[in-house]
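Following: one structure in structure tokens, then a few remarks.
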Amino acid sequence: MCHVGVIDTLSFRPDRTPHRPVIEHSWRRSALSGVRPEDNTPARLRDIGSADPLLDAARPVLDDAAARLADTDVSLLLVDHECRMVTRVAFGTTVERRLDAIGATPGVPFGEDIVGTTALGTPAETRGGVIVNSTEHYLEQFRTISCFGQPIIHPATRRLAGIICMSEIADRINPLAVPVVNGIVADIADRLLDRSRAHQRRVLDAFQRAAPRRDIAVAANGDDLQLTNALAAELLSLTDIGALRVIATDPALRTTTLPLTLVSGAEAEVAVEPVAGTRGAALFRFRALSTPTTPTRSTPVRPSRTTVAVSGEPGTGRTTLALELAAESSDESGRTVVVDVADELINGRQPDVAGQLARARSSGVPLVIDGVDLLDDRSIALVTRATASTPAAAPLMLVSGPRAQAGPAVAALLGRCATRIDPAPLRHRTSELAAVASGVLGEIDPELTLSGPATDALLSQDWPGNLTELIAVLREAAASCRERAARVIETADLPATYRTTSRAAHLSGREQAERTAIVDALDRAGGNKVRAARDLGISRTTLYARMRALGIQ
């Protein structure tokens with residue numbers, strides 16, 4: 001059933017805020033998103049290639065509507081699930097000129113966080129039909145038109161596929177717009193269902209051709225359909241399946257082979273093949289490369305017996321890795337001398353680097369200096385000298401921030417180490433993130449697991465705090481799950497800011513590369529956007545626009 005608000009609702013309070021709750025709430029969300037009434041429609045267009053299946057299903061229905069609505073001076077606008085305009089059909093020159101004037105063209109984003117209250121963006125928030133009459137629009141430039149928008153819910157997946165909106169130049173929308181739009185939405189939904197059945201048949205055919213081989217684990221993923229043969233069912237967890245879904249929905253996916261760390265910790269080589277005639281569906285063949293472990297960090301290079309530098313962002317597990325390597329190099333007593341530079345400085349003490357070096361060497365045990373990039377010049381000089389004569393019985397392990405951000409003296413010190421290890425930040429470990437999250441969760445509570453949607457949400461985050469942030473998020477999620485007396489962590493158990501899947505999960509390959517370049521530039525600049533823009537060779541305005549378009553916070 002379609003639900004809409006009362007049509008004749010143009011009354012406002014004296015302060016000009018709208019009287020209807022649905023519009024008032026939308027205005028509040030718009031203001032909180034930073035939208036101002038005097039703003040204009042964005043001029044920069046977004047890629048709408050991923051909306052082709054929606055457009056293919058909608059086009060015959062819109063063509064039929066065009067024959068029925070000719071010369072009515074109304075328009076039909078179609079946006080996708082991210083409120084990006086896909087197409088428009090205008091049935092009169094007056095309304096067409098008005099749409100041109102307000103920038104309503106394919107590729108323009110119409111989400112509430114971009115243009116405020118409209119019958120294109122607000123239904124995406126309410127998941128129901130919404131009437132927005134003239135002055136109820138948040139942006140002043142839209143206040144000469146009235147609209148009715150109805151979301152298109154995919155019958156198979158129950159996900160938002162898009163929104164159809166009828167617009168006209170009037171103070172109030174014509175009441176007949178509601179049944180007309182509802183009929184169009186129903187017809188498009190029917191065509192989406194037919195396409196979904198054809199899509200699922202193609203996925204099933206591809207799987208059946210590959211699955212008879214009993215010596216290879218085979219899985220197929222697409223359009224709310226997941227298939228596995230017996231080997232794959234034993235190999236894959238729900239979390240692994242969530243990771244496969246992210247791979248399958250990449251619009252730029254091509255036949256390729258990828259490394260993947262499974263939740264069990266097993267390393268696998270995955271042959272990925274898009275299913276012909278579909279979008280967002282792929283066939284996977286697995287070849288195991290290693291026995292299961294529980295990964296929480298990248299596999300290190302075997303350390304030298306003398307000097308090792310472990311450099312990385314905070315939270316990447318760099319200190320834990322250095323301590324593990326020291327333990328491997330220690331004698332039977334397992335003793336290690338540790339200098340925590342940050343802890344010493346916080347407590348008002350200068351680290352006794354010379355004394356600890358002497359102690360480690362006299363005892364014949366490893367020395368770990370955590371935070372060498374925080375040492376003063378004299379201490380750095382002492383450690384640099386020590387690297388030239390470190391005995392194998394007392395190896396030296398140095399922990400620092402990223403080498404790219406180190407000063408000249410620290411960079412020279414790290415460069416003198418025989419072994420250099422750079423634990424990757426979590427955002428660069430997409431192929432193993434699901435396994436890492438499950439490994440961390442297993443340490444928090446072995447009885448809990450992650451659902452597919454919760455895994456999708458975790459895969460979509462940037463994780464500036466790396467493993468430390470992930471551990472904190474999973475601890476909170478585990479507590480919420482236990483309160484429900486459940487065993488599977490759902491999206492609602494995650495902290496509020498981690499529950500939604502960002503646009504980053506649905507970007508094309510080119511957009512993913514662009515997003516990574518911007519994130520890396522911001523990292524190098526310490527979050528300074530002016531410096532990051534200069535590093536990328538673009539203007540600050542362009543950087544802000546791309547950050548917003550690519551979902552970078």
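To the nearest 0.5 angstrom, Phe142 atom CZ is 14.5 Å from Thr135 atom OG1. Of the inter-residue distances, the one linking Asp205 atom CG with Gln200 atom CD reads 12.0 Å to the nearest 0.5 angstrom. Expressed to the nearest 0.5 Å, how far OG1 of Thr278 lies from CG of Leu283 amounts to 10.5 Å. The CD1 atom of Ile145 sits 13.0 Å away from the CE atom of Met166 when rounded to the nearest 0.5 Å. From Leu45, atom CG reaches atom CZ of Arg84 across 12.0 Å, with rounding to the nearest 0.5 Å. Atoms CD and CG, from Glu140 and Asn40 in turn, are 9.5 Å apart once rounded to the nearest 0.5 Å.
Checked against side-chain hydrogen bond (donor to acceptor under 3.5 Å, both in side chains), Asp100 has the following partners two or more places apart in sequence or in another chain: Arg88. Thr256 pairs by the side-chain hydrogen bond (donor to acceptor under 3.5 Å, both in side chains) definition with nothing, not counting sequence neighbours. A search for side-chain hydrogen bond (donor to acceptor under 3.5 Å, both in side chains) contacts involving Thr122 returns Ser26, Glu112, not counting sequence neighbours. Arg202 pairs by the side-chain hydrogen bond (donor to acceptor under 3.5 Å, both in side chains) definition with nothing, not counting sequence neighbours.
By the 6.0 Å contact criterion, CZ on Arg484 is enclosed, its count of non-hydrogen atoms from other residues, nucleotides or ligands being greater than 12.
Using a 4.5 Å heavy-atom cutoff, the side chains of Ile489 and Thr449 are not in contact. Looking only at side-chain heavy atoms (C-beta outward), Arg159 and Ile153 stay at 4.5 Å or farther from each other. At a threshold of 4.5 Å between non-hydrogen side-chain atoms, the residues Ser75 and Leu77 count as touching. Counting heavy atoms from C-beta outward, Arg59 and Val61 have side chains that stay 4.5 Å or more apart. The shortest side-chain heavy-atom distance between Pro37 and Tyr138 falls under the 4.5 Å cut-off. Residues Pro274 and Thr255 form a side-chain contact, since some pair of their non-hydrogen atoms from C-beta on lies under 4.5 Å apart. Considering only heavy atoms from C-beta on, Val180 stays 4.5 Å or farther from Phe148 through its side chain. In this structure, the side chains of Leu192 and Ile152 come closer than 4.5 Å at one or more pairs of heavy atoms.
Judged purely by atom type and a 3.5 angstrom limit, Asp80 has no side-chain atom pairing as donor or acceptor with the backbone of Gly162. A donor-acceptor pair is defined here as one N or O able to donate and one able to accept, closer than 3.5 Å; such a pair exists between the side chain of Asp39 and the backbone of Arg36. No side-chain donor-acceptor contact under 3.5 Å links Ser33 to the backbone of Asp113. When atom types are taken as modelled, the side chain of His25 and the backbone of Pro21 share a donor-acceptor pair closer than 3.5 angstrom. One N or O on the side chain of Ser146 and one on the backbone of Ala170 form a donor-acceptor pair closer than 3.5 Å. No donor-acceptor pair closer than 3.5 Å links the side chain of Thr316 to the backbone N or O of Ala424. Asn174 places a side-chain N or O within donor-acceptor distance of the main-chain N or O of Leu176, the cut-off being under 3.5 Å. In this structure a side-chain-to-backbone donor-acceptor pair under 3.5 Å is present from Thr126 to Gly128. A donor-acceptor pair under 3.5 Å is absent between the side-chain atoms of Asn528 and the main chain of Leu522, judged by distance alone. Between the Trp27 side chain and the Glu136 main chain, a donor and an acceptor come within less than 3.5 Å of each other.
Among all heavy-atom pairs drawn from Ala486 and Leu448, the shortest one is O-CD2, 3.7 Å. Closest heavy-atom contact between Phe91 and Leu69: CB-O, 3.2 Å. Pairing each heavy atom of Ile164 with each of Val185, the nearest pair is CB-CG2, 4.0 Å. Residue Thr228 comes nearest to Ala232 through the heavy atom pair CB-CB, 3.8 Å, listed as atom of the first residue, atom of the second, then distance.
Under 4.0 Å is where a charged nitrogen must lie from a carboxylate oxygen, and between Arg285 and Glu273 at least one such pair does. The existence of a salt bridge linking Asp64 and Arg68 is confirmed by a sub-4.0 Å separation between a basic side-chain nitrogen and an acidic carboxylate oxygen. Contact check on Arg197 versus Asp194 returns a salt bridge, with a Lys/Arg side-chain nitrogen under 4.0 Å from an Asp/Glu carboxylate oxygen. One finds no salt bridge joining Glu24 and Arg20 here, because no Lys/Arg side-chain nitrogen approaches an Asp/Glu carboxylate oxygen to under 4.0 Å.
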Query raised in the report: After noting the C-alpha distance and the side-chain angles of Leu78 and Leu54, does the key distance pass the side-chain contact (heavy atoms from CB on, under 4.5 Å) rule?
Result: CA-CA 9 Å; Leu78 173 67; Leu54 171 64; 4.2 Å; yes
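When only modelled atom types and interatomic distance are considered, Gln141 and Thr41 share a side-chain donor-acceptor pair under 3.5 Å.
Within the structure, every pair that satisfies the side-chain hydrogen bond (donor to acceptor under 3.5 Å, both in side chains) test and touches residues 89-99, not counting sequence neighbours, is listed here: Arg98-Thr144.
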Below 3.5 Å, can you tabulate the donor-acceptor pairs from side chains in residues 469-482 to any protein atom, sequence neighbours excluded?
unit_1	atom_1	unit_2	atom_2	d
Glu469	OE1	Gly465	N	2.7
Glu469	OE2	Tyr498	OH	2.5
Ser480	OG	Asp493	OD1	2.8
Arg482	NH1	Asp445	OD2	3.0

